[in-house]
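By convention in this document, chain letters (A, B, ...) are assigned in the order of the sequence lines, proteins followed by strands, and residues within each chain are numbered from 1.
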Protein chains: 2
Amino acid sequence: MRAVLSYLGSALVSGRLLSMGVIQGAKERARAEVAGAIKDQARMQLAAEGAARLSLRAVARELGMVSSALYRYFPSRDDLLTALIVDAYDAIGEAAESAFVKAGAADPLHAWGGVCRAVRGWALAHPHEYALIYGSPVPGYAAPQDTVAPASRVALVLLAVAEAAHEAGALTEPDLPAADCDSVVAEEIRQLLEQPDRTLPAAVAPRLAAAWAQLFGLISFEVFGQFNQVIDDRDTLFEKTVVALAHQVGLRSTGSGAGT
Amino acid sequence: MRAVLSYLGSALVSGRLLSMGVIQGAKERARAEVAGAIKDQARMQLAAEGAARLSLRAVARELGMVSSALYRYFPSRDDLLTALIVDAYDAIGEAAESAFVKAGAADPLHAWGGVCRAVRGWALAHPHEYALIYGSPVPGYAAPQDTVAPASRVALVLLAVAEAAHEAGALTEPDLPAADCDSVVAEEIRQLLEQPDRTLPAAVAPRLAAAWAQLFGLISFEVFGQFNQVIDDRDTLFEKTVVALAHQVGLRSTGSGAGT
DNA sequence: TCTGAATGAGAGCAGTGCTCTCCTACTTGG
DNA sequence: CCAAGTAGGAGAGCACTGCTCTCATTCAGA
């Protein structure tokens, strides 16, 4: 459980707590409140119509102000979208984190399933916000640095699940040499895994990344309607696939080092 | 190889040949030519700027005509986008089909890998067109009936690979009862699999659908930049994951009914 | 109390999708 | 071979968009 706290701790500090500062003066508070109202209204339009139909003027109109006033808070439409993207990443990341905390690290397969279910649940409940972050990147929009930390929260939770499993002896080691994996994984991740309090073998990182992408592939097909007229019982398909992904990563039930 | 021909045949007839009619009169030909030029120009703008920045007026301007003239060919921007979507589905489907034909049905694992590689290759070469069909659905845009046949071509190829493997005795049967799978898969797919010349056990359909979604999840993460600063050697990761997916589907090397 | 910054209002610009009317050119029926 | 009908293009115009600029107001701190 140490890994849990450390991973989640770093995620929380880097992505969440620092963004909401201490209580400020009345003026700054009013400003933050208006900015929040703008974001809320924008989020409503996003949920109703999708990102491309999100209109600054409509948001301003709904809020009873004129469109130019909105530019005092967000310098452009892209910046407003970025704020919504960060919020969405934080929301789905928080769903994953709290699911992990709730499931506990005792049974890795149970934790893995809980996290995956939470992510899928959030995606199905917020399809347009999900599309905003995991669909096609917005045109001419390069993800600014503010989004990378929140964007990695779900992946860090999956990493924490694997590390907890490894510490409990419920993670099958990969058979391929670690040197092969080092060239696959990027420098940033290697540094993360080499930190002194990390215990996860670097060799599982590629499998984890693949499972991460595959998980979101499954969710995206469901959210984006690719399973229409193909798969009816998506719950069952998801559950079975999540178990397969856990096995692919190397997760086993606690106690039995090598299951079926 | 019978399965190959029959599957690909139905795909070709339904999706491709019917759309390009016989040689017509000069007038209709001129009309088709202009429509083609519009689509080409639109595709160029799509590749350069993305779907959301595709502008009818800009297309018309580039073609030296006025925007209203363009409405003689496409009744709305959405219809032009739909035409591009159909073309993109056909292109990626054709890439998959020809990869399958080239690989042959002798070695199922080889065929599976070839098809997956071809799909990934097309996606990386045409990221914006890929985003158009596998990214977030365009806002307020419900896929018209014209797109469902082309959209299913890649999936049909994967189905054909599995059926060829089954006929060669290189497909591991699922352990769960077929009744369970029947409720997962939609009516349309069940009817497809129950056709007299189909030999694929219905029980592998769910595994195939899951692998299908996971494959595109992996590709989407790569195309949409989710692997930036996470995975460097994406080729290796893809190859390894494709093998894992093949195993998940139940594909084995020819001759050995159940290998590791 | 005065100054300067923050905030909002309004006009305006260039661009968009789309519709309407008008005019030309061409195909086709007699 | 000619008249009629139609397909296609041109242009104006409408409502909307993101964004910028200027001008007035308000309000906090020196």
Side-chain angles (χ1 to χ4, degrees), chain A residues 21 23-39 41-46 48-85 132 138-142 144, chain B residues 21 23-46 48-85 132 137-142 144:
Chain A
I23 298 113
Q24 329 95 315
K27 195 153 189 178
E28 280 145 30
R29 215 149 109 183
R31 182 181 171 82
E33 202 152 317
V34 175
I38 292 172
K39 279 204 298 185
Q41 183 59 41
R43 207 181 343 263
M44 286 178 56
Q45 293 200 11
L46 175 69
E49 300 263 30
R53 301 228 167 154
L54 173 64
S55 151
L56 281 191
R57 291 183 112 111
V59 169
R61 209 179 302 130
E62 211 71 26
L63 258 51
M65 51 169 132
V66 87
S67 73
S68 59
L70 212 142
Y71 285 82
R72 304 284 180 188
Y73 298 89
F74 297 93
S76 81
R77 184 180 181 276
D78 273 5
D79 289 85
L80 177 56
L81 269 183
T82 302
L84 293 181
I85 287 174
L132 190 62
V138 176
Y141 172 84
Chain B
I23 298 113
Q24 328 96 315
K27 191 153 189 177
E28 278 146 31
R29 216 149 107 185
R31 181 182 172 83
E33 202 150 317
V34 176
I38 293 172
K39 277 205 298 185
D40 286 345
Q41 183 59 42
R43 208 183 340 265
M44 285 178 56
Q45 293 201 9
L46 175 69
E49 299 263 31
R53 301 230 167 152
L54 173 65
S55 149
L56 280 191
R57 292 182 110 112
V59 169
R61 210 179 301 132
E62 212 70 24
L63 258 54
M65 52 168 135
V66 87
S67 73
S68 59
L70 213 142
Y71 285 84
R72 304 280 181 190
Y73 298 89
F74 296 94
S76 80
R77 185 181 180 275
D78 272 6
D79 289 85
L80 178 56
L81 268 184
T82 302
L84 294 181
I85 287 174
L132 190 62
V138 177
Y141 173 84

So, B:Ser76 versus B:Asp79: side-chain donor-acceptor pair below 3.5 Å or not?
->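 Yes, side-chain donor-acceptor contact under 3.5 Å.
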Assign [X] to base, sugar-phosphate, or nothing according to its heavy-atom contacts below 4.0 angstrom with the strands shown.
X: A:Ser67; value: base
X: A:Tyr73; value: sugar-phosphate
X: B:Leu54; value: sugar-phosphate

Nearest heavy atoms of [X] and [Y], plus distance in Å:
X: B:Ala42; Y: B:Val59; answer: CA-CG2, 4.0 Å
X: B:Leu132; Y: B:Ala51; answer: CD1-CB, 3.6 Å
X: A:Arg72; Y: A:Arg31; answer: O-NH2, 2.9 Å

Rounded to whole angstrom units, what separation is found between the [atom1] atom of [X] and the [atom2] atom of [N]?
X: B:Met65; N: C:dT24; atom1: CE; atom2: C1'; answer: 17 Å
X: A:Glu28; N: C:dA6; atom1: CD; atom2: C1'; answer: 11 Å
X: B:Leu80; N: C:dT16; atom1: CG; atom2: C1'; answer: 15 Å
X: B:Arg29; N: C:dT27; atom1: CZ; atom2: C1'; answer: 17 Å
X: A:Arg31; N: D:dC27; atom1: CZ; atom2: P; answer: 17 Å
X: B:Gln45; N: C:dG15; atom1: CD; atom2: P; answer: 14 Å
X: A:Leu70; N: C:dT7; atom1: CG; atom2: C1'; answer: 12 Å
X: A:Phe74; N: D:dT20; atom1: CZ; atom2: C1'; answer: 19 Å

Let me confirm one number: the [atom1]-[atom2] distance from [X] to [Y], rounded to the nearest 0.5 Å.
X: B:Asp40; Y: B:Gln45; atom1: CG; atom2: CD; result: 12.0 Å
X: A:Leu46; Y: A:Leu54; atom1: CG; atom2: CG; result: 6.5 Å
X: A:Arg61; Y: A:Leu56; atom1: CZ; atom2: CG; result: 11.0 Å

Using only side-chain N and O atoms of [X], determine if any of them is under 4.0 Å from OP1 or OP2 of [N].
X: A:Tyr71; N: C:dG8; answer: no
X: B:Ser55; N: C:dG17; answer: yes
X: A:Arg77; N: D:dG18; answer: yes

Do B:Arg72 and D:dG9 share a donor-acceptor pair, side chain to base, under 3.5 Å?
->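 Yes.
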Indicate, yes or no, whether a donor-acceptor pair under 3.5 Å links the base of D:dG11 to the side chain of B:Ser68.
-> yes
Residues in contact with DNA chain C, drawn from residues 57-64 of chain B - heavy-atom cutoff 4.0 Å =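 When residues 57-64 of chain B is checked for heavy atoms under 4.0 Å from DNA chain C, the hits, listed by number, are B:Arg57, B:Arg61.
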